[in-house]
Amino acid sequence: MNLIEELAWRGLIQDITPETEEQLNKELTSGYVGFDPTADSLHIGNLVPIMLLTHLQRSGHKPFALIGGATGRVGDPSGKTQERQLLTTEIIEHNLASQKKQLEQFLKFGDGPTDAEIVNNYEWFKKFTFLDFIRDVGKHITINYMMSKDSVKNRLESGMSFTEFSYQLIQGYDFYYLNKEKNIKLQMGGSDQWGNITTGIELTRRMGGGDTFAITAPLVKKADGTKFGKSEGGNVWLDAEKTSPYKFYQFWLNATDEDIENFIKVFSLLSRSDIEKLIAAHVEAPHLRLLQRTLAEELTLRIHGAHALEMAIEASSILFGNATAENLKKLSERDFLDVFQGVEQVEVARSLIEAGVDIVEMLSEISGFLSSKSEARRSLKENAISVNKDKVGEDYKVSASDLISDAYILLQRGKKKYFVVRAV
RNA sequence: GGGGAGAUACUCAAGCGGCCAACGAGGGCAGACUGUAAAUCUGCUGGUUUCACCUUCGCAGGUUCGAAUCCUGCUCUCCCCA
């Protein structure tokens, strides 16, 4: 199966330029994807373009990840309804450095012909003067052409700065430059990048460069129409500091049946036949949630490593299995900490707990787990609160006998929301 | 510049002198059922010292025993005419 066939069955092709497949079959082709330094970590939405690069490399071509030191200074208007706030140079530099480190873990780097490289477009833009740019580059593309792009058209009513209007030209020049200097012939990205990419192709052609090609992937969608990649806490990040491995694992495990088939095709590196077998098995016995488990394990392993995965699984089985207070109390302090590293924690004076604390106080003012006493009472009335996995009522008092490993108390609201109190 | 309409809790949206912490819908949270899924049903969704009290209906004043509801001024939004 060649790259195009592979991407197609995974549902990763939205648009593709003519003869791209012929080009890929003809020779080892270099391709790139650009990353915008808008945050100091990539999130799971960025995983899609990363997968494009991964598949490119696996099918015997050479991937480049471009980090947008220059484009990040301008701001991509694609998909935005309002002018964007400019980021400071320091923030951009910080974000670039963090993203670069993350990108390095997904691809194979080295000196081989298909080994990945990272480039930063600030390198070739920092010495480019404004006059030179509008003479040498701007002359080749008409305003009319630029205005026909959706990213511009959608903003004609509400307004758009010259800065953002210029964006497509900057990104377009990247393609020209990379084609000329690195013999890169393919640009990939999310479907929102189609306009920018085609500007690049057009520019390269008019500036006398070689033939260039493009593939874009559709936006990942959820069946219920809500945005993919958000959990209660906001974005799901690849940085363990921002989204713990446990939460990351749980995110995938909680995918609905409707979505998971699509997700596993997009994000898993398993072969088509393996995935098809898994899907068939899942349809047979959906309650085993085989697809969710497989994908959650694969991705947690790839991004956070074996130890983090083990802990995420263990934490999950303790929190969602039929663990009881007894099971919990058997955990060593170390295991307890490992298991609950991703769960919010707060320190509470030991003397307070030894004296006995009203559950309402504990949930609200003392721990900050719930935002008010009213909310705490409400939850207790709803039978939603557990202490160390045992349901408790409004008159419960937390005392020293609730301490696990003589130090911890596990508070819980509902099935999925946990909070750890540590006695000090 | 002239005329008109409106600003209510996370969002939409009722209410037009006391029965209003404020109908309803969506969203969110929780319970039941399940498979840590979906659908469905149920409850909750300002705060507190919780059978009561306090703060909230654009902002600031006023009328009244009593106002989200009436009056005055201000701010903002939308529509129509020039």
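Chain A is the first sequence line, chain B the second, and so forth, proteins listed ahead of strands; every chain is numbered from 1.
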Check ion pair [X]-[Y] (N to O, under 4.0 angstrom):
X: A/D406; Y: A/R350; answer: yes
X: A/R378; Y: A/E382; answer: no
X: A/K265; Y: A/E6; answer: no

Just checking A/E258: base, sugar-phosphate only, or nothing, at a heavy-atom cut-off of under 4.0 Å?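 Contact class for A/E258: none.
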With a non-hydrogen cut-off below 4.0 angstrom, is A/N383 in contact with a base, only sugar-phosphate, or nothing?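 Contact class for A/N383: sugar-phosphate only.
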Out of [options], whichever nucleotide has its closest atom nearest the side chain of [X]:
X: A/K415; options: B/A30, B/U36, B/U34; result: B/U34
X: A/N254; options: B/A38, B/U36, B/G35; result: B/U36
X: A/P286; options: B/G35, B/A30, B/U34; result: B/G35

Length of the [atom1]-[atom2] vector between [X] and [N], whole Å:
X: A/L253; N: B/A37; atom1: CG; atom2: P; result: 9 Å
X: A/H287; N: B/A38; atom1: NE2; atom2: P; result: 17 Å
X: A/D259; N: B/A39; atom1: CG; atom2: P; result: 11 Å
X: A/R413; N: B/A30; atom1: CZ; atom2: C1'; result: 7 Å

Taking the six-membered ring for Trp, are A/W252 and A/F248 parallel (under 30°), tilted (30 to 60°) or perpendicular (over 60°)?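 The arrangement is perpendicular - the two ring planes meet at more than 60°.
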Whether A/F267 and A/F263 hold their rings parallel, tilted or perpendicular, with breakpoints at 30° and 60°: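 Correct class here is perpendicular.
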For the [atom1] atoms, the ones on [N] and on [M], what distance do you get once it is rounded to whole angstrom?
N: B/A9; M: B/G2; atom1: P; value: 31 Å
N: B/C10; M: B/G27; atom1: C1'; value: 8 Å
N: B/A82; M: B/U69; atom1: C1'; value: 36 Å
N: B/A25; M: B/A32; atom1: C1'; value: 24 Å
N: B/A67; M: B/U55; atom1: C1'; value: 16 Å
N: B/G47; M: B/U56; atom1: P; value: 15 Å

Return the nucleotide paired to [N]: Watson-Crick means purine N1 to pyrimidine N3 with N6-O4 or O6-N4, wobble means G-U with N1-O2 and O6-N3, both under 3.5 Å.
N: B/C70; value: B/G62
N: B/A22; value: none
N: B/G6; value: B/C76
N: B/A82; value: none

Take nucleotides 45-56 of chain B nucleotide by nucleotide from the 5' end and write B, S or -, depending on whether a protein heavy atom sits under 4.0 Å from the base, only from the sugar-phosphate, or from neither. S-SBSB------
For A/F369, does the six-membered ring have the charged nitrogen or CZ of A/R413 within the cation-pi criterion, i.e. under 6.0 angstrom from the centroid and within 45° of the normal?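 Checked: cation-pi criterion not met.
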Mind checking whether A/V348 and A/V346 have side chains closer than 4.5 Å, heavy atoms only?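 Touching, per the 4.5 Å side-chain cut-off.
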Any A/I409 side-chain heavy atom under 4.5 Å of A/L411 side chain: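 They are in contact (side-chain heavy atoms under 4.5 Å apart), so the answer is yes.
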Look at A/K417 and B/G28 and indicate whether a side-chain polar atom (N or O) is within less than 4.0 Å of OP1 or OP2.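 Checking A/K417 against B/G28: no side-chain N or O falls below 4.0 Å of OP1 or OP2.
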Short side-chain N/O contact to B/A30 OP1/OP2 from A/K416, under 4.0 Å: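 No, A/K416 has no side-chain N/O under 4.0 Å of OP1/OP2 on B/A30.
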What about A/E382: does its side chain form a donor-acceptor pair under 3.5 Å with the base of B/G31?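 Side chain to base: no pair present.
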